[in-house]
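Just so we're on the same page: letters track the sequence lines, and every chain starts at 1.
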Amino acid sequence: MAKPPVLTPQADDFPRWYQDVVAKAELADNGPVRGTMVIRPYAYAIWERMQADLDRRIKATGTQNAYFPLFIPESFLTKEAEHVEGFSPELAVVTHGGGKELEEPVVVRPTSETVINAYFSKWVQSHRDLPLLINQWANVVRWEMRPRLFLRTTEFLWQEGHTAHATEDEARAFSLRILNDVYERFMVDVLAIPVLLGRKTDRERFAGATNTYTCEAMMGDGKALQMGTSHELGQNFSKAFDTVYLDQSGEQVHVWQTSWGVSTRMVGGLIMCHGDDRGLRVPPELAALQAVVMVVRDEDGAGDQAAAICDRLKAAGVRAELDDRVDTSFGRRSVDWELKGVPIRIEVGPRDLAGGIVTLVRRDSGDKSPVPLGEVVERVQGGLSAIQSTLLAEATRRRDERTVDVTTVEDAVEAARTGFARMPWALLGEDGEGRLAGQGVSVRCLQASDGSVPSPADTDLIAIVARAY
RNA sequence: CGGGAAGUAGCGCAGCUUGGUUAGCGCGCAGCGUUCGGGACGCUGAGGCCGCGGGUUCGAAUCCCGCCUUCCCGACCA
C-alpha cells in the first residue's frame, strides 16, 4: 500500500524539503531566540567529524589553536572603518553587566580580527616571530534578518584562522594554501562536494579585506552556497592595531595578514548537495555511522549473526552499529536510516541466512544485493568507497550540466533560474553586477579563464553568476 | 527592515466567517495482544494558559488592538 511520502519531494518545494529533512532526520531545532539553533546529536556528530578532519588539515599547515574571548570592546570594532561598517548592522551589543550599565558597551564577536590583532600586536616584535599562524574554534553571533537552520543562523559555530606574515606575497600564498590544501581538499575528498574556487568581487568582499577568496558549491536546486572563505587582509588591521615587526634591516613594518573560516553552514551544504527525496545522504568518509546492521527478525539466529557481522565490521575499521530493535517494524527502521543517510545497510534475516547470505543496501542508489556471509567486510568496504565516488560524481555532473556560458545579463539571470552562468567579467562589469542584484542574482566569484583562482594581475576574468543562499 | 502567509497536544491540521457549557481529527507517544523482508493492526490510555499581552462581552480559540514567533519573496551575510 502506498504511503504518503516521508518528505516533501524536492521538485515540489525545495526549501520545504530542506526543513523536512532537518526535522525528520533529527538534525536541528530552532532555538527559543529567533535565529538560534539547537544542533541535535546526529548533526553534531557530523559537525564533530568535520571539525576533526579540518583541524588535522589546519594543523598540517603549521597553524596552532588558541582561544580568544567572546566579548570584544565596541571600540575595537570601530578601529577599522570598513570592518565596522560591514558588521555594525548585525552586531549583538551588551550594554549591561552585573546589574549596571557598562561604561563601554561590549559586542559579542561577529568574527575576531579585532580582538586577535590587539594581541598579535603584543606578540609580534621581530621578523623572527613571523609567520604567526593561529586558529580558533568558536561560536560567533551575527544578528540575521532571515535565519535558516545551518545556512544562516544568528549564532553559528566555526573555525577562524588568523595569520600574520612579513610580506604581502607570503600572506597571499598562505590564504590560497588554506583555500586549496585545506578547504578544497576537505570539501571534495571528504564531503564529496565539488567546489568552484575564485575571488570575490569588490561588492562581495569581506569587510576589511583586500581580497576575498571563496569556495562555492551548487546545491540540489541549482543555487550556490558559499562553503568557505579565505581573506587577504593586507595591512588594514595591522595599521588599525599597530601590529608591526622589526625587519632584518631594523625597520618597523606592518604585518600582512589573512583570515579564513568555515562554519556549521557546511552541514546545510551537505544536506542540500547530496540529499534526495528519501533524506540525507552522508558521504562515507564523513559519516559517523557508515553501516548499520539490521536484524530483520530475530529468528534462526539472525540476531546473533547480525551482532557478529557488526563486530567484524568494527574490527575492520568500519563505523558500524547494530539495529536489533525488532519490536519496531522493519519498514519503519529502514525509512529512519534512509532519512539519516547512513551509507550502507546490511539486512540480516532468516530468509537471508537460509541462503548463507545477507542483503547489502546502498543509500546512494537504493540498490540491494545479496552478499555471502564470508564477504561482508570486503563488500562493505568496497561499497563505502564506491558511494563516496558516486556522490562526488553525481554532484559534479549536476554542476556541469547546470552551468552555461552566457554573454548578456539577461541570459545570466535566465541561467541562474536553474544553475550557474559563466560570463566574461569584461562584459558584465560592476554595472552588470548591480543589475543582477536587482534580480536576486549575484556574482559568486571571479575565475581566471582556465577556471583557477585569479591572481591580481590576471585579466580576462570569468564571472560565476548564480542565485545564492 | 519592506511585501505575502501562518501560529490550536510532539508533528500536521479542523473548528473562527455567524462568540455559548466537556475543543476535535490524523500521525506520533504509553500499556497489552497479534504482527514483522519497505513507515503493520486492534483495544485501552496519556497528553491543550487555543503564540503572548490587553480590550469588547454575561461569556472569547472565535470579535478588536498591540507584540512575539515561524515560513515564502526581496535588501545583508560564514
Side-chain angles (χ1 to χ4, degrees), chain A residues 1-8 13-16 18-20 23-24 26 29-36 85-91 110-111 138-161 183 200 203-207 212 214-217 225-231 259-269 278-279 294-299 302 325-339 345 347-355 357-359 361 366 368 370 434 437-442 467-469:
Chain A
M1 57 191 158
K3 297 275 174 197
V6 178
L7 304 170
T8 304
D13 186 345
F14 196 85
R16 181 80 201 204
Y18 178 81
Q19 290 171 237
D20 284 355
K24 296 254 173 80
E26 301 178 336
D29 272 330
N30 282 307
V33 173
R34 177 183 164 75
T36 60
E85 194 186 326
F87 279 110
S88 55
E90 38 189 320
L91 289 180
T111 180
N139 58 339
V140 286
V141 167
R142 300 177 185 181
W143 217 261
E144 288 293 343
M145 294 304 164
R146 210 177 126 193
R148 244 166 162 324
L149 288 170
F150 294 111
L151 301 173
R152 200 172 35 230
T153 47
T154 284
E155 178 189 7
F156 58 88
L157 306 182
W158 76 347
Q159 61 68 212
E160 48 178 324
Y183 293 163
K200 287 291 189 186
R203 187 190 186 97
E204 302 273 332
R205 192 160 30 78
F206 173 73
T212 288
T214 179
C215 301
E216 299 282 332
L225 181 72
Q226 180 172 313
M227 298 279 291
T229 52
S230 184
H231 314 290
S259 69
W260 27 278
V262 294
S263 71
T264 38
R265 169 181 278 187
M266 286 191 298
V267 177
R278 289 170 169 243
M294 289 180 70
V295 180
V296 177
R297 270 180 298 139
D298 191 10
E299 290 170 20
R325 301 168 298 161
V326 289
D327 50 339
T328 301
S329 81
F330 172 80
R332 155 72 47 156
R333 290 182 288 147
S334 300
V335 166
D336 282 347
W337 292 121
E338 277 168 3
L339 276 169
R345 233 168 43 238
E347 300 175 358
V348 184
R351 194 189 297 168
D352 298 297
L353 294 180
I357 58 148
V358 296
T359 302
V361 189
K368 294 188 175 192
Q439 306 280 309
V441 176
S442 55
R467 289 179 301 149
Y469 279 99

Base versus backbone protein contacts along nucleotides 72-78 of chain B [heavy-atom cut-off under 4.0 Å; B, S, -]:
SBBBBBB
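- B:rA61 is unpaired under the Watson-Crick or G-U wobble criterion, no partner having all donor-acceptor distances under 3.5 Å.
- What separates CZ of A:Arg333 from P of B:rU35 is a distance of 17 Å, to the nearest Å.
- In this structure, A:Glu26 places its CD atom 12 Å from C1' of B:rG28, rounding to the nearest Å.
- Both A:Pro350 and A:Gly31 lie close to RNA chain B; mapped to their nearest nucleotides by heavy-atom distance, the more 5′-ward contact belongs to A:Pro350.
- With sequence neighbours left out, the side-chain hydrogen bond (donor to acceptor under 3.5 Å, both in side chains) criterion links A:Tyr183 to A:Gln159.
- Nucleotide B:rC16: unpaired (no Watson-Crick or G-U wobble partner with both distances less than 3.5 Å).
- For A:Asn30 and B:rG7, the CG to P distance is 17 Å, given to the nearest whole Å.
- In this structure, B:rG45 forms a base pair with B:rC29, meeting either the Watson-Crick or the G-U wobble geometry with both donor-acceptor distances under 3.5 Å.
- Base-pair partner of B:rU69: B:rA6 (Watson-Crick or G-U wobble, both distances under 3.5 Å).
- One atom, CG of A:Asp20, and another, P of B:rC71, lie 13 Å apart when rounded to the nearest Å.
- The CZ atom of A:Arg351 sits 11.0 Å away from the CD atom of A:Glu299 when rounded to the nearest 0.5 Å.
- With C1' as the reference atom, B:rA9 and B:rC25 are 12 Å apart, rounded to whole Å.
- Partners of A:Pro370 under the side chain to side chain contact (heavy atoms under 4.5 Å, CB included) rule, at least two apart in sequence or in another chain, are A:Ile357.
- Nucleotide B:rC76 is matched to nothing when pairs are restricted to Watson-Crick or G-U wobble geometry with both distances under 3.5 angstrom.
- For A:Ser230, the side-chain hydrogen bond (donor to acceptor under 3.5 Å, both in side chains) criterion is met by no residue, not counting sequence neighbours.
- In this structure, B:rU22 makes no Watson-Crick or G-U wobble pair, since no nucleotide meets both defining distances under 3.5 angstrom.
- Among the nucleotides B:rG38, B:rG37, B:rG39, the one closest to the side chain of A:Lys24 is B:rG39.
- For A:Asp327 and B:rG39, the CG to C1' distance is 15 Å, given to the nearest whole Å.
- Separating the P atom of B:rU35 from that of B:rA46 is a span of 28 Å, rounded to the nearest Å.
- For the pair A:Ser329 and B:rA40, the criterion of a side-chain N or O lying under 4.0 Å from OP1 or OP2 is met.
- Going from the P atom of B:rC63 to that of B:rG47 covers 29 Å, rounded to whole Å.
- Comparing the same atom, C1', in B:rU57 and in B:rG20 gives a spacing of 12 Å after rounding to whole Å.
- Counting any heavy atom pair closer than 4.0 Å across all strands shown, A:Thr359 reaches a base atom.
- By the side chain to side chain contact (heavy atoms under 4.5 Å, CB included) test, A:Glu144 pairs with A:Glu90, A:Arg142, A:Arg152, A:Thr154, sequence neighbours left out.
- Atoms CG (A:Asp29) and C1' (B:rG10) sit 10 Å apart, rounded to a whole Å.
- For B:rG7 and B:rG53, the C1' atoms lie 16 Å apart once the distance is rounded to whole Å.
- Across all strands shown, B:rC36 remains unpaired; no Watson-Crick or G-U wobble contact has both distances below 3.5 Å.
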Protein-nucleic acid N or O pairs under 3.5 Å, nucleotides 25-27 of chain B:
none

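- The backbone N or O of A:Val6 lies less than 3.5 Å from a partner atom in the side chain of A:Lys24, making a donor-acceptor pair.
- Rounded to whole Å, atom P of B:rC36 lies 16 Å from atom CG of A:Asp352.
- Scanning both residues, A:Thr264 and A:Phe156, for their nearest heavy atoms gives OG1-CB, 3.5 Å.
- The side chain to side chain contact (heavy atoms under 4.5 Å, CB included) search around A:Arg203 returns A:Thr201, A:Glu433, A:Ala437, not counting sequence neighbours.
- Applying the side chain to side chain contact (heavy atoms under 4.5 Å, CB included) rule to A:Ser334 yields the partners A:Met294, A:Phe330, A:Arg345; only residues at least two apart in sequence or on another chain are considered.
- No hydrogens or angles were tested; on distance alone, a donor-acceptor pair under 3.5 Å links the side chain of A:Lys368 to the base of B:rG38.
- Residue contacts shown for A:Gly268 are absent, as no nucleic acid heavy atom lies under 4.0 Å away.
- Comparing the same atom, C1', in B:rC16 and in B:rA23 gives a spacing of 12 Å after rounding to whole Å.
- The partner of B:rC50 cannot be assigned: no Watson-Crick or G-U wobble pair with both contacts below 3.5 Å exists in any strand.
- With rounding to the nearest 0.5 Å, the separation of CG in A:Asn139 from OG1 in A:Thr36 is 12.0 Å.
- Rounded to the nearest Å, the gap between the P atom of B:rA60 and that of B:rC50 is 12 Å.
- Shown here are the side-chain hydrogen bond (donor to acceptor under 3.5 Å, both in side chains) partners of A:Glu26, two or more places apart in sequence or in another chain: A:Lys340.
- A salt bridge links A:Lys200 to A:Glu216: one of the charged nitrogens lies within less than 4.0 Å of a carboxylate oxygen.
- When the C1' atom is compared between B:rC52 and B:rA61, the two are found 14 Å apart, to the nearest whole Å.
- Using a 4.0 Å heavy-atom cutoff across all strands shown, A:Val326 reaches at least one base atom of the nucleic acid.
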